[in-house]
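Scope of the values below: all heavy atoms of this structure, side chains included, with no hydrogens, waters or symmetry mates. Everything quoted here is computed from the prediction, not taken from an experiment. Proteins get letters first, then strands, A, B, ... in listed order; numbering begins at 1 in each.
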There are 2 protein chains.
Amino acid sequence: MNGSSMNIGQAARVSGLSPKMIRYYEELGLVPKARRFVSGHRLYTSVDVQTLQVIKQARDLGFPIERIKKLLRLWQNRQRPSRRVKEVVDAHVRELEERIVRMHAMKRQLEALAQDCLGDDSPDCPILAGLQQYGRHGPEV
Amino acid sequence: MNGSSMNIGQAARVSGLSPKMIRYYEELGLVPKARRFVSGHRLYTSVDVQTLQVIKQARDLGFPIERIKKLLRLWQNRQRPSRRVKEVVDAHVRELEERIVRMHAMKRQLEALAQDCLGDDSPDCPILAGLQQYGRHGPEV
DNA sequence: GCTTGACCTTCCCACGGTGGGAAGCATTAG
DNA sequence: CTAATGCTTCCCACCGTGGGAAGGTCAAGC
């Protein structure tokens, strides 16, 4: 094994992924099927590892696998219009925003509920009352 | 079937859950095993439905099932100290906050990357460059 | 009555990602 | 040579939800 040819464990350490994830990404077609040593062990070159690092970065930025697939295709295509890249990223940013907004709304509601709860030994609790009262979904029963 | 005794479909409509979810929650022990009609169909009273509505509210506020279990136990226990309720809610609020912070950091980084991308027909793209450059995890290769 | 359609039952499978672990080779260090 | 890692493939788990098959039941219309 020379300096730029490594097995899955090494590739994992260098990329910050786990061997399990790398095999899984290969199975999904996110990375091409790895070449093998004669022993059958997967062989990674520095080029492969660079791809894995990009995947790791994208995962850390919250991209779902399918979008990373698109990003990788663009990354590897020297004729890509940067417009396409930006579209993918913008879509992801919008989804992040939506999720943030939704979670922030939850947080706000919960804080409003918790505000009036004394949090002592008494059983009276506006939080529980609120859970019963909020947002009816069907006809009253 | 009288006014306060209904089947799972009705209970679903009134609570805003789906029949599948109701069965799943029963399987998890979130709600007790439903009584049955002679036919074998599940039977729900207005009390059962109230529980389902509380669950729906809690799910909408982002509580994971296990925490809802705790909340329900407190809700049904008239001797609960409201402190316990507040603890559960506060823990959830903290987790929401953490997730919001993490997602906001992702969004910020992505916006920084996208800012300098022209988004035109040219293949030059600082986003892709950034994905390669950011955060190395192992020794350089 | 009998048929039809909507609903119920249980059962298994899928998703997205990740981890755990078993059984069987390969490699490496001592 | 042996012992410990580490690799391979395989299956199972998580969380929460949806889809759908195969079969039983209800309520309406004729």
Grab the CG-P distance between A:L43 and D:dC7 for me, whole Å please.
13 Å
Starting from C1' on C:dT18, measure out to CD on A:E27 and report it in whole angstrom.
13 Å
Phosphate oxygens OP1/OP2 of C:dG19: is one of them under 4.0 Å from a side-chain N or O of A:S18?
yes
How many Å lie between CD on A:E26 and P on C:dG17, as a whole number?
18 Å
Is the shortest side-chain N/O distance from B:S39 to OP1 or OP2 of C:dC8 below 4.0 Å?
no
If the condition is salt bridge (charged side-chain N to carboxylate O under 4.0 Å, His left out), which residues does B:R84 pass it with, not counting sequence neighbours?
B:E87
Those residues at least two apart in sequence (or on a different chain) that pass salt bridge (charged side-chain N to carboxylate O under 4.0 Å, His left out) with B:R59 are none
Check whether any side-chain N or O of A:D90 sits under 3.5 Å from a backbone N or O of A:V93 as a donor-acceptor pair, and report yes or no.
no
Pairs: protein N or O with nucleotides 2-7 of chain C N or O, under 3.5 Å:
none

Distances under 3.5 Å between protein N/O atoms and the N/O atoms of nucleotides 10-16 of chain D, please, pair by pair.
{"residue": "D:dG16", "atom": "OP1", "partner": "B:I65", "partner atom": "N", "Å": "3.2"}
{"residue": "D:dG16", "atom": "O3'", "partner": "B:R59", "partner atom": "NH2", "Å": "3.1"}

Do any pairs count as a ring-ring contact (aromatic ring centres under 6.0 Å, His included) and have a residue in residues 39-87 of chain B, sequence neighbours left out, and if so which ones?
B:F63-B:H92
Could you tell me the separation between the CD1 atom of A:I22 and the C1' atom of D:dT8, rounded to a whole number of Å?
14 Å
Quick one: which residue pairs count as a salt bridge (Lys or Arg N to Asp or Glu O under 4.0 Å) with a foot in residues 111-132 of chain B, not counting sequence neighbours?
A:R83-B:D121, B:K107-B:E111
Per the ring-ring contact (aromatic ring centres under 6.0 Å, His included) rule, what does the pair list look like for residues 94-114 of chain A, sequence neighbours excluded?
none
Can you list every ring-ring contact (aromatic ring centres under 6.0 Å, His included) pair that touches residues 7-34 of chain B, not counting sequence neighbours?
none
Would you say C:dA26 has OP1 or OP2 under 4.0 Å from some side-chain N or O of A:R36?
no
Looking at B:E66 and B:K69, is any side-chain nitrogen of the basic one under 4.0 Å from a carboxylate oxygen of the acidic one?
yes
Applying side chain to side chain donor-acceptor pair (under 3.5 Å), which residue pairs with at least one partner in residues 26-36 of chain B are found, sequence neighbours left out?
B:E26-B:R42
Please report the distance, rounded to the nearest Å, between CZ in B:R42 and P in D:dC26.
15 Å
